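Before any comments, here is the structure.
Nothing fancy with the numbering, it's 1 onward along the sequence. Everything numeric in this text was worked out from a predicted model, so none of it was measured. For the numbers below, each heavy atom of this structure counts, side chains included, while hydrogens, waters and symmetry mates do not.
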Amino acid sequence: MVFGARIWKTGIAVALSLYLSAWLEFTPPVIAAVAAIFAMQPSIYRSWRYFLDQLQTNVLGAALALLAGMFFSSNVIAIGIVCILVILICLRMRMEETIGLTLVTVVAVMEASGQWQFALNRFLLSLIGIGCAFVVNLLFFPPKPKAQFTAQIHTAFGTLSLLLRTAISNEMKENVFREEKAGLQAALRALTDKYRLMEEEVHKLKGSRFGRVRELVVYKQKLLVMNKGLEVLEAVEEHYFQSKRPEGTDEHFDRHMEKLIKFHEHVLLRFDDKLKADSIDELEMEAENERFLTELFERYKDEPAGLLRLSIVAAAMYDYGHQIDRLGKLVEHIHRGEEAREPLDTLLRSIRLKQ
């Protein structure tokens with residue numbers, strides 16, 4: 001079991017909210033603790049947005065609960081109706097994440113049967129919890145999605161490299177292959193979530209520079225390339241071994257797969273500025289990709305029917321190589337420091353993350 005920073009920060013935020021509630025003599029402090037648990041978010045931007053959203057919905061929920069409590073006391077049916085109304089309002093305001101904590105505030109306020117002092121106490125407890133979570137998230141081990149994404153992409157690439165290198169030779173045990181592939185799929189889902197956090201911070205927070213947007217394009221392409229590599233694995237598993245292959249076909253595919261993986265690795269290292277500027281030759285990679293398809297079609301010129309299923313695998317490998325090549329161009333674009341916005345706008349329109 002891995003104890004991440006978010007686990008520690010949640011514990012600190014809960015302890016801090018309980019301490020402040022007791023110091024300010026607000027009861028019951030458990031409401032502040034619950035609010036702190038709900039409010040701990042994976043990024044600074046989401047913490048700030050959650051704080052603002054909760055402020056709005058909690059004020060609205062507390063006001064509705066206060067009015068309903070004055071007229072209907074703590075009637076259970078009235079509480080249910082107000083909860084439904086608050087849920088509908090939160091959905092209408094597109095603040096679905098605030099529903100849980102807002103309902104806690106509503107129920108606590110209506111329990112007081114319309115006493116505004118009690119309602120204010122419950123509302124302030126919620127704000128204490130949300131505020132503690134935001135401060136702790138900001139000051140203690142602040143989220144670094146960029147560094148986390150970079151570390152996770154290298155770990156995921158290690159798994160992808162292992163699977164691709166053994167895919168054609170079929171050397172890996174079936175149960176091990178399934179486990180590694182499931183781990184890769186889970187890692188790509190986590191990377192997608194991490195990318196969305198970076199995208200939110202770049203596009204929503206003020207002061208984001210053009211250079212950060214350019215880097216974001218590279219991260220998006222990195223993720224796309226990893227997904228293309230997974231597509232190659234799935235194509236090999238689905239079609240390669242079910243096709244008739246003449247002698248030398250396995251070596252032909254395996255040799256090109258090795259080149260693709262090596263090129264992918266070099267591009268990642270080049271982005272981290274660990275390789276020389278002339279270590280990547282995109283033109284050579286494009287030529288290798290074209291040569292791979294040409295030689296494959298040449299092998300099957302007399303038996304085109306046998307090419308059908310292999311062509312699916314070849315197309316997936318070609319697309320994987322093409323996207324790596326595009327990533328290499330983006331990496332060089334970053335290292336050259338070109339500030340031309342028009343080329344970047346073109347790249348932003350052309351590169352689409354697979355949904």
Side-chain angles (χ1 to χ4, degrees), residues 145-165 184 187-192 194-196 198-199 202 210-235 256-293 314-355:
K146 178 180 174 180
Q148 293 169 349
F149 183 92
T150 301
Q152 290 177 11
I153 203 78
H154 282 287
T155 301
F157 173 73
T159 303
L160 176 66
S161 174
L162 173 64
L163 292 173
L164 288 176
R165 282 192 165 101
L184 176 62
L188 292 183
R189 288 193 293 269
L191 281 168
T192 300
K194 198 68 64 179
Y195 169 78
R196 288 170 180 164
M198 293 191 296
E199 189 177 40
V202 168
F210 183 64
R212 295 186 64 188
V213 178
R214 294 165 65 224
E215 283 192 348
L216 187 65
V217 177
V218 179
Y219 293 135
K220 188 173 186 178
Q221 184 66 10
K222 278 185 176 184
L223 187 52
L224 176 60
V225 170
M226 293 296 297
N227 278 286
K228 291 299 180 181
L230 180 60
E231 288 181 12
V232 173
L233 277 176
E234 292 173 344
H256 188 63
M257 189 81 80
E258 185 66 33
K259 292 177 182 178
L260 292 175
I261 297 167
K262 184 178 179 180
F263 187 53
H264 190 175
E265 182 180 28
H266 278 205
V267 171
L268 293 178
L269 291 174
R270 174 62 180 141
F271 179 75
D272 295 336
D273 206 18
K274 295 181 179 179
L275 296 181
K276 298 177 181 179
D278 58 352
S279 60
I280 300 175
D281 190 343
E282 291 89 355
L283 295 177
E284 179 62 26
M285 190 62 241
E286 289 181 5
E288 287 291 339
N289 233 0
E290 296 288 345
R291 190 179 302 118
F292 166 68
L293 288 181
M317 292 175 64
Y318 180 87
D319 195 23
Y320 176 48
H322 173 70
Q323 296 301 335
I324 298 174
D325 180 63
R326 176 172 287 185
L327 176 61
K329 288 182 172 65
L330 286 171
V331 169
E332 290 306 313
H333 180 81
I334 290 292
H335 282 292
R336 287 197 302 267
E338 295 173 2
E339 297 294 335
R341 292 178 180 264
E342 185 177 351
L344 180 60
D345 291 339
T346 303
L347 290 170
L348 282 168
R349 288 193 298 268
S350 63
I351 297 175
R352 294 292 183 266
L353 178 61
K354 179 182 176 184
Q355 298 297 325

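Contact annotation: the side chain of Tyr219 never approaches that of Glu199 to less than 4.5 Å [non-hydrogen atoms, C-beta and beyond]. Between Asp272 and Thr150, some side-chain heavy-atom pair lies under the 4.5 Å cut-off. Leu268 places none of its side-chain heavy atoms less than 4.5 Å from the side chain of Val331. Between Glu258 and Arg165 there is a side-chain heavy-atom pair separated by less than 4.5 Å. Leu233 is listed as a side-chain neighbour of Leu160, based on a closest heavy-atom distance under 4.5 Å. Annotation: side chain of Ile261 is in contact with side chain of Phe157 (closest heavy-atom distance under 4.5 Å).
For the pair Ala316 and Val232, the tightest heavy-atom approach, listed with the atom from each and the gap, is O-CG2, 3.4 Å. Here the closest heavy-atom approach between residue Met226 and residue Leu188 is recorded as CB-CD2, 3.5 Å. In plain terms, the two heavy atoms of Ala314 and Leu293 that are nearest each other are CB-CD2, 3.8 Å. The two residues Asn289 and Met317 make their nearest non-hydrogen contact at OD1-O, 4.2 Å.
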CA sep, side-chain torsions, deciding dist, call: Leu224, Arg326, side-chain contact (heavy atoms from CB on, under 4.5 Å)
CA-CA 11 Å; Leu224 176 60; Arg326 176 172 287 185; 6.0 Å; no

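Between Asp319 atom CG and Asn227 atom CG the span is 11.5 Å, to the nearest 0.5 Å. Within the model, atoms CD1 of Ile324 and NZ of Lys222 stand 13.0 Å from one another, a figure rounded to the nearest 0.5 Å. Between the NE2 atom in His322 and the CG atom in Leu327 there is a gap of 12.0 Å [rounded to 0.5 Å]. With values rounded to the nearest 0.5 angstrom, Met257 atom CE is found 8.5 Å from Tyr320 atom OH. The CZ atom of Phe263 sits 5.0 Å away from the CG atom of Asp325 when rounded to the nearest 0.5 Å. Taken from CD in Glu332 to CZ in Arg270, the straight-line distance is 4.5 Å, to the nearest 0.5 Å.
By the 4.0 Å N-to-carboxylate-O rule, Glu288 lies close enough to Arg291 to be salt-bridged with it. Classification of Lys228 and Glu231 as a salt-bridged pair holds, one side-chain N sitting under 4.0 Å from a carboxylate O.
A donor-acceptor pair under 3.5 Å links the side-chain atoms of Gln221 to the main chain of Gln323, judged by distance alone.
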